[in-house]
K.L.:
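Quick one: this structure, given as structure tokens, is what I'll be asking you about.
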Amino acid sequence: MNLNEIKDLMAQFDQSSLREFSYKNGTDELLFSKNEAKLISETSPTPQPVVSATEFTVAPQTQTVAPVVETVSESGAGEAVAEGDLVESPLVGVAYLAAGPDKPNFVSVGDAVKKGQTLVIIEAMKVMNEIPAPKDGVVTEILVENEEMVEFGKGLVRIK
């Protein structure tokens with residue numbers, strides 16, 4: 001992506017009502033945000049670049065490894081909190097755990113799921129995108145709250 005294309009994206013983002021926008025291709029990653037700066041969570045291995053309307057940063061794509069989270073019981077033995085494959089968000093948007101406020105959640109921890117079953121919905125640009133289970137399994141962890149803003153690549157659900 002060349003400098004003129006990036007400047008054009010920045011101008012369009014600045015004039016839009018979007019609060020955040022991210023773009024990734026093979027080697028480049030862009031993140032535009034109109035939100036106030038916030039603390040980076042401890043589970044994030046590397047800080048992500050934030051692009052304001054007046055400057056931009058192109059960062060090379062890096063591989064990230066999910067940390068192993070352990071708790072220590074009173075007996076002193078370490079136990080894994082959750083295991084399984086991580087289902088990541090394919091886009092930026094608002095995550096919904098149910099089809100509506102008065103509807104039950106699509107899945108709960110401990111539920112058996114089939115490949116293709118809806119796990120969450122992500123709303124992006126007024127379009128509801130169903131996020132399906134990539135395989136049969138059991139939900140071991142739900143990593144997002146209802147109506148939480150999610151980024152591209154953020155963990156949504158863990159399936160074993």
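All values below were derived from every heavy atom in this structure, side-chain atoms included, with hydrogens, water molecules and symmetry-related copies excluded.
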K.L.:
Does the side chain of I121 come within less than 4.5 Å of F106's, by heavy atoms?
P.N.:
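Yes; the side chains approach each other to less than 4.5 Å.
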K.L.:
Measure from the side-chain N and O atoms of S89 to the backbone N and O of L91, and report whether any donor-acceptor pair falls under 3.5 Å.
P.N.:
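Yes: the side chain of S89 pairs with the backbone of L91.
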K.L.:
Supply the atom-to-atom distance D111 CG to N105 CG, rounded to the nearest 0.5 angstrom.
P.N.:
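It comes to 9.0 Å.
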K.L.:
Kindly indicate, with the supporting measurements, whether the criterion side-chain contact (heavy atoms from CB on, under 4.5 Å) is fulfilled by V139 and V113.
P.N.:
CA-CA 7 Å; V139 176; V113 294; 3.8 Å; yes
K.L.:
Main chain of K114, side chain of Q117: is a donor-acceptor contact present, judged purely on distance under 3.5 Å?
P.N.:
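Here the side-chain-to-backbone pair exists.
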K.L.:
Tell me the closest heavy-atom pair linking V92 and S22, and the distance in Å.
P.N.:
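Taking V92 first and S22 second, the nearest heavy atoms are CG2-OG, 3.0 Å.
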K.L.:
Below 4.5 Å, heavy atoms only, C-beta onward: do T118 and P132 meet side chain to side chain?
P.N.:
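No, side chains not in contact.
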K.L.:
Taking atom types as modelled, find out whether Y96 and E147 have a side-chain donor-acceptor pair closer than 3.5 angstrom.
P.N.:
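No.
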K.L.:
Please check this pair: side chain of D136 against backbone of K115, looking for a donor-acceptor N/O pair closer than 3.5 Å.
P.N.:
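Checked: pair present.
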K.L.:
What do the steps show when you test E88 against K154 for side-chain contact (heavy atoms from CB on, under 4.5 Å), and what is the final call?
P.N.:
CA-CA 5 Å; E88 297 179 341; K154 175 168 177 28; over 6 Å; no
K.L.:
Look up atom CG in L86 and atom CZ in R158, then write down how far apart they are to the nearest 0.5 Å.
P.N.:
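Between L86 CG and R158 CZ, I get 5.0 Å after rounding to 0.5 Å.
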K.L.:
Any Lys/Arg nitrogen of K135 or D85 sitting under 4.0 Å from an Asp/Glu carboxylate oxygen of the other?
P.N.:
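Between D85 and K135 there is a salt bridge, with a charged N closer than 4.0 Å to a carboxylate O.
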K.L.:
At their closest point, which heavy atom of A95 faces which heavy atom of V150, and how far apart are they?
P.N.:
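Reported closest heavy-atom pair: CB-CG1, 4.0 Å.
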K.L.:
So which atom in K103 and which in A98 form the shortest heavy-atom distance, rounded to 0.1 Å?
P.N.:
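It is O-CB, 3.6 Å.
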K.L.:
Under the side-chain contact (heavy atoms from CB on, under 4.5 Å) test against V144, which residue among I122, L97, V157, V94 passes?
P.N.:
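Among I122, L97, V157, V94, the one meeting side-chain contact (heavy atoms from CB on, under 4.5 Å) with V144 is L97.
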K.L.:
Nearest heavy-atom pair of P134 and I159: which atoms, and what distance?
P.N.:
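Taking P134 first and I159 second, the nearest heavy atoms are CD-CD1, 4.0 Å.
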K.L.:
Can you confirm whether more than 12 heavy atoms, excluding those of M128, are under 6.0 Å from its CE atom?
P.N.:
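Enclosed: over 12 neighbouring heavy atoms sit under 6.0 Å from CE of M128.
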K.L.:
Is there side-chain contact between V87 and V120, with at least one heavy-atom pair below 4.5 Å?
P.N.:
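When only atoms from C-beta onward are counted, V120 and V87 do not touch, as no gap falls below 4.5 Å.
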K.L.:
Looking only at heavy atoms, which two atoms of E148 and E145 are closest? And how far apart?
P.N.:
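Here E148 and E145 meet closest at OE1-N, 2.8 Å.
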K.L.:
Ignoring hydrogens and geometry, is there a side-chain-to-backbone donor-acceptor pair from N129 to V127 under 3.5 Å?
P.N.:
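Looks like yes, one N/O pair under 3.5 Å.
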K.L.:
For K160, look at atom NZ and say whether over 12 heavy atoms of other residues, nucleotides or ligands are found less than 6.0 Å away.
P.N.:
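Result for NZ/K160: open.
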K.L.:
Tell me if the CD atom of E130 is crowded by more than 12 foreign heavy atoms within 6.0 Å.
P.N.:
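Atom CD in E130 is not packed in, count stays at 12 or less.
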K.L.:
Is there a path of hydrophobic side-chain contacts, each under 4.5 Å between heavy atoms, that joins L119 and V138?
P.N.:
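They do not share one cluster, since no chain of ILVMFWY contacts under 4.5 Å joins L119 to V138.
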